[in-house]
Asks: 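Below: one structure in structure tokens.
This one's a predicted model, so the numbers in the text were calculated from it and none came from an experiment. Atoms within a ligand are numbered from 1 in the order they appear, just like the ligands themselves.
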Amino acid sequence: MSIEEDRAVQAAQDTVVRETDNGYRVLGAPEKSVTHQHDIDRIPREDVTQEMLSNSGENAECWLMYGGNYEQHRYTTADVITPENVDDLELEHEMRVGSGSSMEGTPLVIPGDPPVMYQSNGPNHVKAIDPRAGDVLWSYTYAVPSDVVLCCDDNNRGVAVWKDKIFMCTLDSGVVALDRYTGEEVWYTSTADHERGYSATWAPIVHDGTLYTGSAGGEYGVRGFHTALDAETGEQLWFTHTCPEEEWVGESINQAAGTNWMTATLDEERNRLYLPIGNPGPDFDGSVRPGPNRNTCGTLCLDAETGERLWFHQESPHDVWDYDSACPRVFIRDLEIAHRNQTKDVVVDAGKTGWAYTVDAETGELIERSEPGVQQLNMFRMIPHIDEGRRGTFMPGGMGGNDWQPPAYSPETRLIYYKMHNNAQEAWWRFEEFEEGKKYWGGILEDETEAMPDEYNGHIASIVAIDPATGERVWRDWIDSDTYLWGGSMATATGLVFAGTQNGDLIAYDGETGERVWEFDCGDAPLSASPMSWYDPGTEKQYIAIQVGGSGWLRRGKRDDRLLIFSMAA
Ligand SMILES: O=C(O)c1cc(C(=O)O)c2c(n1)C(=O)C(=O)c1cc(C(=O)O)[nH]c1-2
């Protein structure tokens with residue numbers, strides 16, 4: 001099928017264009033549909049087993065879950081592309097897969113002859129792609145109801161795979177399971193009522209036949225949760241609210257928020273989940289929710305079997321800054337912490353505060369807090385007032401530090417690569433009545449670039465390398481851009497780190513030194529997604545894929561959405 005034909009299929013699916021209550025366009029299909037664009041018999045009929053999933057981080061021939069492995073390292077062992085030869089990396093396919101909506105996802109690649117890629121983007125489109133040929137095999141569109149409420153665009157960040165199925169979260173707070181050979185729907189489960197403000201934007205994960213998925217809607221006064229579904233049937237196995245009722249004051253628990261809107265990290269040995277948890281509700285008016293607002297803005301550890309809450313590490317107690325702690329947690333087994341003479345399993349997170357926190361995976365105790373990635377100003381210092389108009393300038397603003405953008409961890413360099421944003425914002429507080437399904441912020445944020453110290457003007461976005469054992473910020477590269485960085489990173493076994501910018505540049509760094517070793521201009525569209533990679537023994541090439549297009553909170557640039565597949569022969 002030609003690019004034009006491919007686009008025509010997509011256009012037919014995107015016949016509903018709506019404005020949500022915050023002005024975002026949602027392009028939704030009126031009906032669910034599956035189209036077969038090329039021969040679907042090309043998809044090898046080999047189920048994805050638990051063993052394959054458990055080994056996905058070590059297997060260069062695949063990328064089987066959102067973060068590359070359960071530990072969310074975003075690291076490939078494929079080793080064809082090196083700092084020395086990266087200049088020879090070539091663009092092999094440029095596919096018009098997008099629909100003019102959010103492009104934040106990471107595709108999966110299932111090994112085989114040919115390998116099969118599963119790519120998704122907003123609002124709830126999934127495609128099976130033959131990445132050798134650059135052909136779409138099937139294309140599925142979920143019919144997003146026209147009354148969804150979304151704080152930050154019609155995002156979809158990826159899918160999960162188990163045996164013969166592909167799973168996607170839907171914007172109306174559900175999960176749909178598709179037959180991965182045909183694209184046909186197998187089951188759909190609603191996890192919460194979208195009319196109350198719940199939605200779902202992340203990639204779920206599956207382990208041992210159980211699918212784990214969270215909750216979004218933290219800007220609508222919902223009560224956050226995480227839930228486990230049977231991957232075969234969609235039946236709910238357990239459901240846990242993130243915030244404990246007994247630790248909240250009065251009725252405020254009902255609008256607690258504390259949503260879990262990014263993918264869970266799984267510790268297979270302990271059978272535990274480590275979840276990023278967002279802001280309390282309402283975002284800025286803390287007066288209606290006295291106390292520390294446990295468990296918001298931090299990492300929540302759950303028993304993956306039962307959903308029982310095991311520990312919580314909070315980064316911003318009684319948050320009034322919108323310091324969601326959203327990005328995926330990096331789990332590191334046996335991290336040597338030389339200066340303490342300890343070896344520990346740890347969970348690492350860089351939150352919107354600009355610090356990275358290394359916590360003990362067993363207990364949730366803080367082991368190390370890093371040097372700040374960016375400038376901090378007045379953080380936690382001001383006492384919020386609810387009087388209309390009272391305000392204060394603070395840094396980092398609500399964009400972080402680090403927002404949801406997934407970092408990469410290299411077991412070779414033992415560094416974690418985060419995006420960090422240097423931005424000043426002003427917070428305004430005001431009293432708002434809660435109304436179901438309506439924004440419940442209790443104030444607003446405004447950019448306050450004037451307040452940025454001179455030395456940072458023109459420098460909003462950076463990539464930083466943090467040593468999780470010492471907290472040292474080993475290097476930092478400022479991006480020449482007037483806006484944030486909105487996608488994730490990827491590390492390779494050969495010491496490279498890839499990350500995209502809102503200027504449309506895909507950059508490769510020497511992961512050890514932070515030196516830029518390659519840059520590719522992806523055209524007039526931002527990169528808001530995260531790169532991934534695999535090696536195909538059939539073609540003897542290493543591939544790198546990234547989605548191109550605007551996204552979410554930023555919605556910048558032209559909507560020239562594409563999927564780029566780069567390759568290099570071994
Ligand atoms: O509290 C929530 O439930 C929630 C959900 C989401 C989302 O699902 O995309 C975002 C946020 N909060 C948020 O605070 C935020 O800054 C944000 C940015 C984006 C994005 O995709 O660019 N999503 C979200």
Side-chain angles (χ1 to χ4, degrees), residues 20 22 24 26 101-106 120-124 144 148-158 169-173 191-192 194 196-204 213-226 242-243 255-263 275-284 293 295-298 316 319 321-328 351-352 396-406 419 421 423 425 439-442 444-445 447 483-488 502 526-530 547 549-557:
T20 58
N22 46 17
Y24 286 127
V26 174
S101 288
S102 167
M103 295 291 279
E104 293 188 339
T106 310
S120 68
N121 54 260
N124 295 144
V144 180
V148 288
V149 278
L150 306 168
C151 75
C152 315
D153 208 354
D154 50 11
N155 305 312
N156 183 272
R157 305 194 184 93
C169 289
T170 60
L171 284 168
D172 54 356
S173 190
T191 56
H194 71 269
R196 289 175 57 194
Y198 285 103
S199 56
T201 55
W202 53 90
T213 186
S215 46
E219 268 66 60
Y220 294 89
V222 302
R223 188 171 171 198
F225 64 84
H226 193 84
T242 52
C243 298
Q255 279 76 52
T259 48
N260 159 226
W261 55 276
M262 278 298 279
T263 306
L275 310 176
I277 305 292
N279 57 274
D283 301 43
F284 304 109
N293 305 137
N295 298 332
T296 58
C297 297
S316 178
D319 180 69
W321 317 99
D322 196 23
Y323 281 161
D324 290 64
S325 178
C327 83
K352 285 190 178 177
M399 302 295 201
N402 190 42
D403 200 301
W404 61 269
Q405 292 72 26
K419 306 255 170 110
H421 300 132
N423 68 320
Q425 284 190 312
K439 254 187 219 156
Y440 187 50
W441 288 17
I444 50 164
L445 286 183
D447 280 346
T483 188
Y484 310 98
L485 289 174
W486 222 238
Q502 288 289 305
L527 297 179
S528 314
S530 314
Q547 297 188 163
S551 94
W553 207 230
L554 288 192
R555 274 279 158 171
R556 282 174 59 96

Asks: Can the ring centres of Y198 and F225 be said to be less than 6.0 Å apart?
Replies: yes
Asks: So, is G398 polar-close to ligand 1, with some N/O to N/O distance under 3.5 Å?
Replies: no
Asks: For W202 and N260, test the side chains for any donor-to-acceptor distance below 3.5 angstrom and give the result as yes or no.
Replies: no
Asks: Should one rank W202, W261, Y323 by closest heavy-atom distance to atom 13 (C) of ligand 1, which comes out on top?
Replies: W261
Asks: Identify, by atom number and element, the atoms of ligand 1 in contact range of G217, meaning under 4.0 Å from any of its heavy atoms.
Replies: 2 (C), 3 (O)
Asks: Heavy-atom contact under 4.0 Å between G278 and ligand 1?
Replies: no
Asks: In ligand 1, which numbered atoms sit nearer than 4.0 Å to a non-hydrogen atom of W486?
Replies: 20 (C), 22 (O)
Asks: Quick check for you: to the nearest 0.5 Å, what is the distance between L275 atom CG and S325 atom OG?
Replies: 11.0 Å
Asks: Which heavy-atom pair separates S530 from T106 by the least distance, and what is that distance?
Replies: CB-OG1, 3.5 Å
Asks: With no hydrogens and no angle check, just 3.5 Å: does a side-chain donor-acceptor pair link N155 and T201?
Replies: no
Asks: Is there a heavy atom in D153 that sits closer than 4.0 Å to ligand 1?
Replies: no
Asks: As an exercise, identify every atom of ligand 1 less than 4.0 angstrom from a heavy atom of D403.
Replies: 16 (O)
Asks: Under a 4.0 angstrom heavy-atom cut-off, which atoms of ligand 1 come close to G218?
Replies: 1 (O), 2 (C), 3 (O)
Asks: Is R157 near ligand 1, meaning one of its heavy atoms is under 4.0 Å from it?
Replies: yes
Asks: Would you check whether E104 has a nitrogen or oxygen atom less than 3.5 angstrom from a nitrogen or oxygen atom of ligand 1?
Replies: yes
Asks: Do P328 and M262 come close enough that some side-chain heavy atom pair is under 4.5 Å?
Replies: yes
Asks: Cation-pi check, R157 to W404: give yes when NZ or CZ is under 6.0 Å from the six-membered ring centre and within 45° of the ring axis, no otherwise.
Replies: yes
Asks: Identify, by atom number and element, the atoms of ligand 1 in contact range of T259, meaning under 4.0 Å from any of its heavy atoms.
Replies: 1 (O), 2 (C), 3 (O)
Asks: Any atoms of ligand 1 less than 4.0 Å from a non-hydrogen atom of N279? List them with their elements.
Replies: 1 (O)
Asks: Can an N or O of D322 be found at a distance shorter than 3.5 Å from an N or O of ligand 1?
Replies: no
Asks: Any side-chain heavy atom of D324 within less than 4.5 Å of one from W261?
Replies: yes
Asks: Please could you name the atoms of ligand 1 that T201 approaches to less than 4.0 Å, counting only its heavy atoms?
Replies: 7 (C), 8 (O), 9 (O)
Asks: Can you see whether N423 engages Y484 through a side-chain donor-acceptor pair at a distance of less than 3.5 angstrom?
Replies: yes
Asks: Do we see a donor-acceptor contact under 3.5 Å between the side chains of T259 and S215?
Replies: no
Asks: Would you check if E219 and Y440 make a side-chain contact, meaning some heavy-atom pair closer than 4.5 Å?
Replies: no
Asks: Test your reading of the structure: does A216 have an N or O sitting under 3.5 Å from an N or O of ligand 1?
Replies: no
Asks: Out of all atoms in ligand 1, which are within 4.0 Å of some heavy atom of W404? Include the element for each.
Replies: 18 (C), 19 (C), 20 (C), 21 (O), 22 (O)
Asks: Using a 4.0 Å heavy-atom cut-off, say whether C151 meets ligand 1 through its side chain, its backbone, both or neither.
Replies: side chain
